[in-house]
Amino acid sequence: MILNYPYIKPLRYAVSSNNMKTTSMTLMNAYNLLHEGSLVFADIETHGIRVDLEYVDRKQQELDKLITKETKQLQTTKLYRHWKHSIGGKEPNIYSDTQLRVYLFRIRKLRTENKTNKGLESVDKQTLLEFDLPELNTIIHLRELRKLRTTYLQNFVKEQVDGFIKPIFNLHLVVTYRGSSDSPNFQNIPKRNEEAFDMIRNALFPRKGNQLMEVDFSGIEVSIAACYHQDPVMLEYLTTPGKDMHGDMAAQIFCIEGFDRNCEKHGYLRSAAKNGFVFPQFYGDYYKNNAIGLCRWAELPLRDKWKQTEGVLINDNCSVAANFKRHGIKGFSDFVNHMQKIEHDFWNNRFKVYGAWKLQRIREYQKTGEFRSLTGFKYSWEMRKNQVVNYPVQGSAFHCLLWSLIRVHKILKKRNYQTRIIGQIHDSIVLDVYPPELEAVSKLVKKTTTKALQQEWDWIILPLKVDAELGRVDGSWASLEKYKLP
DNA sequence: GGAACTCGCCAC
DNA sequence: AAACGTGGCGAGTTCC
């Protein structure tokens, strides 16, 4: 079917004026972005990523062997035999949450506060770990192995055509106006777990003779949020070399004088503050959850009197509990109060403009029932408060990536380059690079993401930064290493 | 025998 | 007063 699309303006969405006034983007700009994005994604979907089928086959067999071995070993345990007995001698399905739930909570009468969305006792990884039973740890590992086997390896084989998988990239499915991917999903290939990372990414390759390159915007959601709220303290953090928001929060949360992010233990505290307080707060979490999560991370019990020796070490001879005690935090409820004060300080003193912006956005939405994003999109349906604050940021951050991707793709095509964009992961672009073009492509991507984008959209009030990684020639997606863009 | 639902888990 | 944002997908289960 041939559709009659409206006239599409060339890639120009906003016009800067010389008095620094930001030009607001319209629904038409938003439409054009998605329209051009769809056309470019259609091109990209024809490229795909090479998959080493022999390797996948070998890994599947290895996994099968390992799964069989661990399953057999599990079947000899007391827990398994008891479980089997409890259901009348039938073999339990160790992958069935329903069966496991009945066994753990009805037969064994274990207890947990962790609940599923429907209010049932949870049997997820974290809950099982808390019971500290070796058999359950085996079940966790078997679940992980099976996930790799089915969601990734098996699906790659199913989806591949002539040795290439060709993921689909959608622009019409996500409520925030982000993109998504399927068949297979290019956006959830394992990264953090080393075993999974190696097994899955070593199956994926560029075209013969080429190398993979990945370029991602660093911290783009934080930067885009700053374009909305324009909090001067946040802008200072983001634009001043050496200023370190997560480090400052770590020092405040863990009561550290002389915080040094380069010291190894302080580095851990910093990432705990980042992932256990700052980012959850940005998404709308609150102090009590933060306190629970941070205690879990620091290996502190959720009990009111901590022992001096409890918790991870913050230096060679001082535990986190001992350090807290010196500052009057003697146990969990003191720590919750401490986190409550920090949360209050975070939104009312440190980032007070950001905090006020959030309230203002929510008020405006409650009055009008809708709002616009800086990229021109309209959000006009029922949303919770957190969503009102998060959606436009998530959407606009992705639109920065999308605009850059469209432009890079068009220029690659116009110059008849052999380098191809093969995918996108929300804030990153993955390219299959023809080595003679490496230098030129690097410059193009860098210039587009850090210069052209900002020239195009004058609401971007701070420089956006990108990091890149490059694979070896004929190297897999696991071979990527830090790469400095020229 | 398939649709719809739930859960867990991978990514950002 | 309430309290973590967005997806895709496989498997198990339940319902028709």
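Order of the sequence lines fixes the chain letters, A, B, ..., with proteins taken first and strands second; residue numbering starts at 1 for each chain.
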Colleague: Using a heavy-atom cut-off of 4.0 Å across all strands, would you classify A:K147 as base, sugar-phosphate, or nothing?
Modeller: base
Colleague: Could you check whether A:F398 gets within reach of a base, just the sugar-phosphate, or nothing at all, counting any heavy atom under 4.0 Å?
Modeller: nothing
Colleague: Hey, does A:F164 have a side-chain heavy atom less than 4.5 Å from the side chain of A:R207?
Modeller: yes
Colleague: Would you indicate what A:V389 reaches in the nucleic acid, counting non-hydrogen atoms under 4.0 angstrom: base, sugar-phosphate, or nothing?
Modeller: nothing
Colleague: So what does A:N117 touch, heavy atoms closer than 4.0 Å: a base, only the sugar-phosphate, or nothing?
Modeller: sugar-phosphate
Colleague: Please work out if A:K288 contacts a base, only the sugar-phosphate, or nothing of the nucleic acid, heavy-atom cut-off 4.0 Å.
Modeller: nothing
Colleague: For A:R101, which contact category applies under a 4.0 Å heavy-atom criterion: base, sugar-phosphate, or nothing?
Modeller: sugar-phosphate
Colleague: Does the base of B:dC7 carry an N or O that pairs as donor and acceptor with the side chain of A:D97 under 3.5 Å?
Modeller: no
Colleague: Looking across every strand, which nucleic acid part, if any, lies under 4.0 Å from A:R146 by heavy atom: base, sugar-phosphate, or nothing?
Modeller: sugar-phosphate
Colleague: Assess whether side chain to side chain contact (heavy atoms under 4.5 Å, CB included) is satisfied between A:L120 and A:K115, documenting all intermediate values.
Modeller: CA-CA 5 Å; A:L120 305 174; A:K115 294 285 172 357; over 6 Å; no
Colleague: At 4.0 Å (heavy atoms only), tell me whether A:S428 reaches a base, stays on the sugar-phosphate, or touches nothing.
Modeller: nothing
Colleague: Give A:V175 one of three labels, base, sugar-phosphate or nothing, depending on what nucleic acid heavy atoms sit under 4.0 Å from its own.
Modeller: sugar-phosphate
Colleague: Pick the nucleotide of DNA chain C nearest each of A:S96 and A:E159; which residue has the one closer to the 5' end?
Modeller: A:E159
Colleague: Check each residue of residues 348-366 of chain A for a non-hydrogen atom within less than 4.0 Å of any atom in DNA chain B, then write out the ones that pass by number, or none.
Modeller: none
Colleague: First contact, last contact: which nucleotides of DNA chain C are these for chain A, 5' to 3', heavy-atom distance under 4.0 Å?
Modeller: C:dA1 to C:dT13
Colleague: Regarding A:N390, tell me which of base, sugar-phosphate or nothing describes its non-hydrogen contacts under 4.0 Å with the strands shown.
Modeller: sugar-phosphate
Colleague: Select base, sugar-phosphate, or nothing to describe what A:Q99 touches, counting heavy atoms under 4.0 Å on all strands.
Modeller: sugar-phosphate
Colleague: Answer with base, sugar-phosphate or nothing: what part of the nucleic acid does A:Y391 contact at a heavy-atom distance below 4.0 Å?
Modeller: sugar-phosphate
Colleague: Students often get this wrong, so: under 4.0 angstrom with heavy atoms, is A:Q394 touching a base, only sugar-phosphate, or nothing?
Modeller: base
Colleague: Please list, chain by chain and in numerical order, all residues satisfying ring-ring contact (aromatic ring centres under 6.0 Å, His included) with A:Y80, sequence neighbours excluded.
Modeller: none
